[in-house]
Amino acid sequence: MEENELLKKRKEKIEALRAEGIDLYPNNVNVKNTTEEILSRFSDADHDQLVQIEERFSIAGRIMAIRNFGKAAFISLQDRKGRLQGYIHKQIVGEEAYQLFKKLDVGDIVMTEGKVFRTKTGELTIEADRLRLLSKAIRPLPEKWHGLTDIETRYRQRHLDLIVNPRVKEVFQKRSRIIQLMRRFMEDRDFLEVETPMMQPRAGGAVARPFKTYHHALGMDLYLRIAPELYLKRLVTGGMERVYEINRNFRNEGISSFHNPEFTMMEFYQAYATYEDLMSLTESLFTFIAQNLLGQLTFSYQDRQIDLTPPWRRVTVKDAIIQTCRIDPDILENAARAIAYARSLHLDVNDQEPLGKVIMAIFEETAEAGLVQPTFVTHYPVEVSPLSRRNAVNPSLTDRFELYICGKEIANAFSELNDPVDQRDRFLMQLKDREAGDEEAHGMDEDYITALEYAMPPTAGEGIGIDRLVMLLTDSASIRDVILFPHMRIKDEGGN
RNA sequence: GGGCCCUUAGCUCAGCAGGUAGAGCAACUGACUCUUAAUCAGUAGGUUGUCGGUUCGAUCCCGACAGGGCUCACCA
């Protein structure tokens, strides 16, 4: 990176401090308090009450602002909990510390110790009788008023974004809380958290293009997983009747405001349950999270009011289309008529397209965007559900649902196909799709079928897109706002 | 990958029928003992994303490239 005047001056300043024998990066720090502790403890105390308090406090954090008056100054100190004002007075902190203070910059990390008081304007303030430099900043922070708004810099230098934009930290605190609540919910229902391979010899369990890598010692190709599904179901077969995994999936697809190449899913399996049981479980899980996170079941997402109060609407794929398009239901029962209708919507479908795929294309084009309030869409066609159990009444459909909120798919669940013979047929169907040019069709997985041949209990499983759920609950417009380090192209010329 | 748009000082932004750039904050010097976007006086800071073209002359017009945003496609 080029040396601009700003950096040059700052480095000179730092060398001067070093020359004075000041340790710019000490590590023996004993911080007793946080800004939040002090602020909440004395929120109601007035000036006279604070004068009585002899106790000294210590906080450490980053200097976010300095307001200097010659012999005294105010600093704004930011720690992980928030900000507290510090008062640095020459006579109180001492000559030596005050000389050091005059050489500090916004962005430096310091520790202050002292009593608390209230200023004339009523702000709770720590009156430093000690001040230590803990870490010296060489680069200046972005501007204090407008902050850092350049989206590219915010994602590429997330540390800066976090320092300057408090809302960003709140989003990631909420994300952590949501995942914590999920774990508690699953634990309460006796689910066991497990970890299954991220690198797999076959990328199965979903329909997507995988990332490929190579293992030198084994001399074999490996794929980053697109889903943990087949491994988790092996565990259910093994007697782990309730398992869940919260981890990353990798899909080599386009990037958008709702898609990141690596994204986080909670996937779970419950033996002796059906997809209908999972609908109730999902309602309970989401209301549990919302209640604990927001204190209520309603929230607004990008100016739309969402209400999570159960029961949520349940509608079949076909009914969702029929209600949206007001068409003759028979159109969706006949491949030729369905294809003709799809083409009238300007959808690109070929003459050999199976009915189920045509129906899904129509659904996605017409009904999906209108599913704003939480909705379970059920009865997906068997052609697009290679791992789902067939519906007992109509075997061309599956016992499957996807959860939609704000027109986006948030979860996907089904009663699992545990008949190894049918599973083999489904894989063979997928292989035909692959031969027909569908690169994302599911591959044959003999090991998985062998596992099923040992008998997997009747089971239902579900995957929940955690990034998208966090987006909803934090009102974030882009998935990049809920992923700390979203994927970006590398920039050739170093630095910013 | 396609379409549209964006890239000017550390940050946030101006600018110009084409005549090589301004402000605020940050920085630097000085003043100041209750400020909170502190204030006041002064100083300095730019290969206008990169490369090429047109032109006497390009930050501005044209092209390519790079990075980013929105969007469509693929997908969750």
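Convention: sequence-line order gives letters A, B, ...; per-chain numbering from 1.
- Summarising the geometry, the separation between CD1 on A:Ile63 and P on B:U35 is reported as 20 Å, rounded to the nearest angstrom.
- Under the Watson-Crick or G-U wobble criterion, with both distances below 3.5 Å, B:G52 is paired with B:C62.
- In this model, the phosphate group of B:U12 is approached by a side-chain N or O of A:Thr149 to a distance below 4.0 Å at OP1 or OP2.
- For the 3.5 Å distance criterion, the side chains of A:His89 and A:Glu127 fail to qualify, holding no donor opposite an acceptor.
- Inspection of the A:Tyr380 and A:Asp399 side chains reveals no N or O donor paired with an N or O acceptor under 3.5 Å.
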Output a table of nitrogen or oxygen pairs between the protein and nucleotides 37-40 of chain B separated by less than 3.5 Å.
from	atom 1	to	atom 2	distance (Å)
B:A37	O3'	A:Lys144	NZ	3.4
B:A38	OP1	A:Lys144	NZ	2.1
B:A38	OP2	A:Arg67	NH1	3.3
B:A38	N6	A:Asn68	O	2.6

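- At the phosphate of B:G69, OP1 or OP2 sits under 4.0 Å from a side-chain N or O atom of A:Arg480.
- Contact annotation for A:Asp348: no contact, since no heavy-atom pair falls under 4.0 Å across all strands.
- At a cut-off of 3.5 Å, with distance as the only test, no side-chain donor of A:Tyr244 or A:Glu267 sits close to an acceptor on the other residue.
- Nearest-nucleotide positions on RNA chain B for A:His487 and A:Glu127 put A:Glu127 closer to the 5' end.
- Distances shown here put a side-chain N or O of A:Arg156 below 4.0 Å from the OP1 or OP2 atom of B:G68.
- Among the protein residues, A:Val207 comes within range of the sugar-phosphate backbone only, with heavy atoms under 4.0 Å from sugar or phosphate atoms but none that close to a base.
- Residue A:Lys13 places at least one side-chain N or O under 4.0 Å from the OP1 or OP2 atom of B:C28.
- Within the nucleic acid shown, A:Gly463 has no heavy atom closer than 4.0 Å to any nucleic acid atom.
- With 3.5 Å as the limit, one finds a donor-acceptor pair spanning the side chains of A:Thr196 and A:Arg225.
- Within the 4.0 angstrom heavy-atom criterion, only backbone atoms of the sugar-phosphate kind lie near A:Glu440; the bases stay farther away.
- Counting distance only, with no hydrogens placed and no angle test, the side-chain atoms of A:Glu123 and the base atoms of B:U35 include no donor-acceptor pair under 3.5 Å.
- Regarding contacts with the backbone of B:A76, every side-chain N or O of A:Arg248 stays at 4.0 angstrom or more from both OP1 and OP2.
- Remark: A:Arg209 is not in phosphate contact with B:C74, judged by side-chain N or O atoms under 4.0 Å from OP1 or OP2.
- Contacts of A:Glu409 with the nucleic acid, taken as non-hydrogen atoms under 4.0 Å apart, involve only primed sugar atoms and P, OP1 or OP2.
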